[in-house]
Structures are given as C-alpha cells and as structure tokens.
Visitor: 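Following this message is one structure expressed as structure tokens.
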Amino acid sequence: MKIIVGSKNRTKVQAVADVFTEATVIGADVPSDVAAQPFGDEETLQGAMNRAKHAQRMEQHVFGVGLEGGVILTLGKLYVCNWGTLLTPEGDIYHASGARVRLPDAFIEPLKNGTELSELMNAYTKRHDIRHHEGAIGIFTNGLLHRQEMFAQVVTLLYGQYLHEKA
C-alpha cells in the first residue's frame, strides 16, 4: 500500500505513517485551494478533500490523504478544528474530524482579517514554527495532546472507516 499525503508538513506525514504502519507514506507539496487560514468546518474539510485529491493524482493506484487544520467560531468562542480525507484507489472517500480546543478571544479579529493561526501562535509563544511541532493544540492542552497526535486520531478514524467498509 502506498499513501501520498497532501502536505510536506512533517506532523501530518508522520501522523499518517503512525497509523498506516505497513504502508509506504510520502508527503507531497500540493495546494489546499482554500484560504491559507481555513475558517469553519466546511472550508477546512474542503481543504482536506482538495489536498487528498491533488495528492492522489500524482500517481496511479495510490491512496491520497489530506489533512487540514482550521479554526471555527462556535457560540462566539474560537476553537481549533481539523479535518481529514482518505481517498482509496477504488474511488472510496472517507472524512473525519478530530479534537477541538478553545483559542484566546484575542485571536478572533486577526484571524477574521486573514492572519494565519501559525503566525498568532508564534507571536503568542515567542517561538518559531509551532505548526511543525506541537501546534496550538499542544500549547493549549499544556502538552497533553500534540498536533501530530491530533492528526493521528483523525487518520485513525479514516482508517477505521476504511477497514469497516472492507470487512
């Protein structure tokens, strides 16, 4: 089994490799075709679907995986949201979403104005490249859940659906 992940982000690629332990997993730099900072479940899921489609088109007879992180406003509060899509060589499509954690209210306006969460997180933590490490989820869970683990949970849900359908 070969899987192409629609991202070169090591947390996303490793999350897929952690779940599909018997597969060859590679990352590919593909567009999400959504805003750099997806806002809401629909746009974030669309980004995951687009990444999976672009990744799968790179080769024949491979699985494509797209993972996308976004933000969502719910009842006036801001949360991290994340979605994944798995495309099989046979044309089956699976979607799953994962953990959410609240973000500071001060992030709402900058995000609405187009600032990416990664930029806000780097400034908030006074560090660089949070998205390639623990991510916002790691910061706001005090290190109890990291971005790679969060995406691995999404990939586990995708893989579980695939196995269920094939059983």
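Heavy atoms only: backbone and side chains are in, while hydrogens, waters and symmetry mates are out. On a predicted model such as this, the values are computed, not experimentally measured, just so you know.
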Visitor: What's the separation between atom OG1 in Thr11 and atom CD1 in Ile130, rounded to the nearest 0.5 Å?
Guide: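 Between Thr11 OG1 and Ile130 CD1, I get 11.5 Å after rounding to 0.5 Å.
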Visitor: Kindly state each residue pair satisfying salt bridge (Lys or Arg N to Asp or Glu O under 4.0 Å) with at least one member in residues 22-48, sequence neighbours excluded.
Guide: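 For residues 22-48: Asp41-Arg100.
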Visitor: Any link between Leu117 and Met150 through a network of hydrophobic side chains (Ile, Leu, Val, Met, Phe, Trp, Tyr) touching at under 4.5 Å?
Guide: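 Yes, because Leu117 and Met150 connect within a single hydrophobic cluster, where side-chain heavy atoms sit under 4.5 Å apart.
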Visitor: Give a yes or no answer on whether the side chain of Lys12 reaches the backbone of Leu67 with a donor-acceptor pair at less than 3.5 Å.
Guide: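 Yes, because the side chain of Lys12 sits within donor-acceptor range (under 3.5 Å) of the backbone of Leu67.
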Visitor: Is Leu163 reachable from Leu86 through a run of hydrophobic residues whose side-chain heavy atoms are each under 4.5 Å from the next?
Guide: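 Hydrophobic grouping puts Leu86 with Leu163.
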Visitor: Go through the steps for Val155 and Phe20 under the test side-chain contact (heavy atoms from CB on, under 4.5 Å), then give the verdict.
Guide: CA-CA 9 Å; Val155 176; Phe20 287 90; 3.6 Å; yes
Visitor: In the hydrophobic cluster built from side-chain contacts under 4.5 Å, what are the other members alongside Ile93?
Guide: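 Members alongside Ile93: Leu87.
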Visitor: Sequence neighbours left out, what pairs pass side-chain hydrogen bond (donor to acceptor under 3.5 Å, both in side chains) with at least one residue falling in residues 158-167?
Guide: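 Non-adjacent pairs meeting side-chain hydrogen bond (donor to acceptor under 3.5 Å, both in side chains): Asp92-Lys166.
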Visitor: How long is the span from the CG atom in Leu103 to the CG atom in Leu111, to the nearest 0.5 Å?
Guide: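 Between atom CG of Leu103 and atom CG of Leu111 there are 7.5 Å.
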Visitor: Rounded to the nearest 0.5 Å, what separation is found between the CH2 atom of Trp83 and the CG atom of Leu158?
Guide: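 Reported to 0.5 Å precision, the distance equals 10.0 Å.
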Visitor: Can you tell me if Gln60 has over 12 outside heavy atoms packed within less than 6.0 Å of its CD?
Guide: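 Atom CD in Gln60 is not crowded, with 12 or fewer foreign heavy atoms closer than 6.0 Å.
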Visitor: Considering only residues two or more places apart or on different chains, which pairs with a residue in residues 148-157 satisfy side-chain hydrogen bond (donor to acceptor under 3.5 Å, both in side chains)?
Guide: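 Listed once each, the pairs are Asp18-Gln148.
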Visitor: How many angstroms lie between atom CE of Met121 and atom CD1 of Ile139, to the nearest 0.5 angstrom?
Guide: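 It is 5.0 Å, given to the nearest 0.5 Å.
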Visitor: Is there a donor-acceptor pair closer than 3.5 Å between any side-chain N or O of Asn82 and the backbone N or O of Gly69?
Guide: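 No, because the side chain of Asn82 does not come within donor-acceptor range (under 3.5 Å) of the backbone of Gly69.
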Visitor: Under 4.5 Å between side-chain heavy atoms, chaining through other members, with only Ile, Leu, Val, Met, Phe, Trp and Tyr counted: pull out the rest of the cluster around Ile26, sorted by chain and number.
Guide: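 When side chains under 4.5 Å apart are linked, the cluster holding Ile26 also contains Ile4, Val30, Met58, Val62.
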Visitor: Taking the hydrophobic residues Ile, Leu, Val, Met, Phe, Trp and Tyr, and joining any pair whose side-chain heavy atoms are under 4.5 Å apart, which ones share a cluster with Val34?
Guide: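 None; Val34 is a cluster of one.
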Visitor: Kindly give the heavy-atom pair with the smallest separation between Glu68 and Ala48, and that separation in Å.
Guide: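 So the minimum-distance heavy-atom pair works out to CB-N, 3.6 Å.
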Visitor: For Arg51 and Gly66, work out which heavy atoms get closest and say how close.
Guide: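 Distance-wise, the nearest heavy atoms are CB-CA, 3.8 Å.
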Visitor: Compare every heavy atom of Cys81 with every heavy atom of Gly40, then report the nearest pair and how far apart it is.
Guide: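 In terms of heavy atoms, the two residues are closest at O-SG, 4.0 Å.
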Visitor: Run the side-chain contact (heavy atoms from CB on, under 4.5 Å) test on His146 and Ile137 for me, step by step, so that the C-alpha distance in whole Å, both residues' side-chain angles and the decisive distance to 0.1 Å come before the verdict.
Guide: CA-CA 6 Å; His146 284 214; Ile137 196 115; 5.6 Å; no
Visitor: Would you give the length of the straight line joining atom CG of Leu120 to atom CG of Leu78, rounded to the nearest 0.5 angstrom?
Guide: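 Between Leu120 CG and Leu78 CG, I get 9.5 Å after rounding to 0.5 Å.
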Visitor: With sequence neighbours left out, what residues match Thr74 under side-chain contact (heavy atoms from CB on, under 4.5 Å)?
Guide: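 If we apply the side-chain contact (heavy atoms from CB on, under 4.5 Å) test to Thr74, skipping adjacent residues, the hits are Ile72, Tyr79.
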Visitor: Tell me every residue that passes side-chain contact (heavy atoms from CB on, under 4.5 Å) with Val13, counting only those two or more places apart in sequence or in another chain.
Guide: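 Val13 satisfies side-chain contact (heavy atoms from CB on, under 4.5 Å) with Val5, Val25 once adjacent residues are dropped.
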Visitor: Atom NE2 in His61, atom OG1 in Thr88: separation rounded to 0.5 Å?
Guide: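 One gets 12.5 Å once the value is rounded to the nearest 0.5 Å.
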Visitor: Run the numbers on Lys77 and Ile108 for side-chain contact (heavy atoms from CB on, under 4.5 Å), then give the verdict.
Guide: CA-CA 8 Å; Lys77 303 299 179 190; Ile108 295 172; over 6 Å; no
Visitor: Please check if Leu157 and Val65 belong to a single hydrophobic cluster, counting links between Ile, Leu, Val, Met, Phe, Trp and Tyr side chain heavy atoms closer than 4.5 Å.
Guide: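 No, Leu157 does not connect to Val65 through the hydrophobic network.
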Visitor: I'd like to check the side-chain contact (heavy atoms from CB on, under 4.5 Å) partners of Glu119; sequence neighbours left out, ordered by chain and number.
Guide: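 So Glu119 forms a side-chain contact (heavy atoms from CB on, under 4.5 Å) with Thr115, Glu116.
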Visitor: Can you find a heavy atom in the side chain of Thr24 that is under 4.5 Å from one in the side chain of Met1?
Guide: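 Heavy-atom side-chain distance check fails, nothing below 4.5 Å.
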Visitor: Could you go through Lys2 and Glu59, starting from their C-alpha distance and side-chain angles, then the distance that decides it, and tell me whether this counts as side-chain contact (heavy atoms from CB on, under 4.5 Å)?
Guide: CA-CA 10 Å; Lys2 184 172 185 179; Glu59 290 185 32; 2.8 Å; yes
Visitor: Scan residues 132-148 for pairs that pass salt bridge (Lys or Arg N to Asp or Glu O under 4.0 Å), counting only residues two or more places apart or in two chains.
Guide: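 Passing the test, one end in residues 132-148: Arg127-Glu134.
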Visitor: Taking the six-membered ring for Trp, are Phe107 and Tyr124 parallel (under 30°), tilted (30 to 60°) or perpendicular (over 60°)?
Guide: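 Perpendicular, since the angle between the ring planes exceeds 60°.
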Visitor: Return the minimal non-hydrogen interatomic distance between Pro31 and His54, and the atom names on each side.
Guide: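 For Pro31 versus His54, the nearest heavy atoms are O-CD2, 3.2 Å.
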Visitor: Just to verify, what does Lys126 make a salt bridge (Lys or Arg N to Asp or Glu O under 4.0 Å) with, not counting sequence neighbours?
Guide: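 Applying salt bridge (Lys or Arg N to Asp or Glu O under 4.0 Å) to Lys126 gives none.
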Visitor: Looking at side-chain heavy atoms only, is the closest gap between Leu73 and Phe39 below 4.5 Å?
Guide: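 Yes; the side chains approach each other to less than 4.5 Å.
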Visitor: Could you see if Leu45 belongs to whatever hydrophobic cluster contains Val16? Use Ile, Leu, Val, Met, Phe, Trp, Tyr and a side-chain cutoff under 4.5 Å.
Guide: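 Not linked; separate clusters.
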Visitor: Identify, with sequence neighbours excluded, every residue that meets salt bridge (Lys or Arg N to Asp or Glu O under 4.0 Å) alongside Arg102.
Guide: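 With neighbours one apart ignored, the set is Asp105.
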Visitor: Could you tell me whether Asn113 atom CG has more than 12 heavy atoms of other residues or ligands within 6.0 Å of it?
Guide: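 Yes, CG of Asn113 has more than 12 neighbouring heavy atoms, counting only those of other groups under 6.0 Å.
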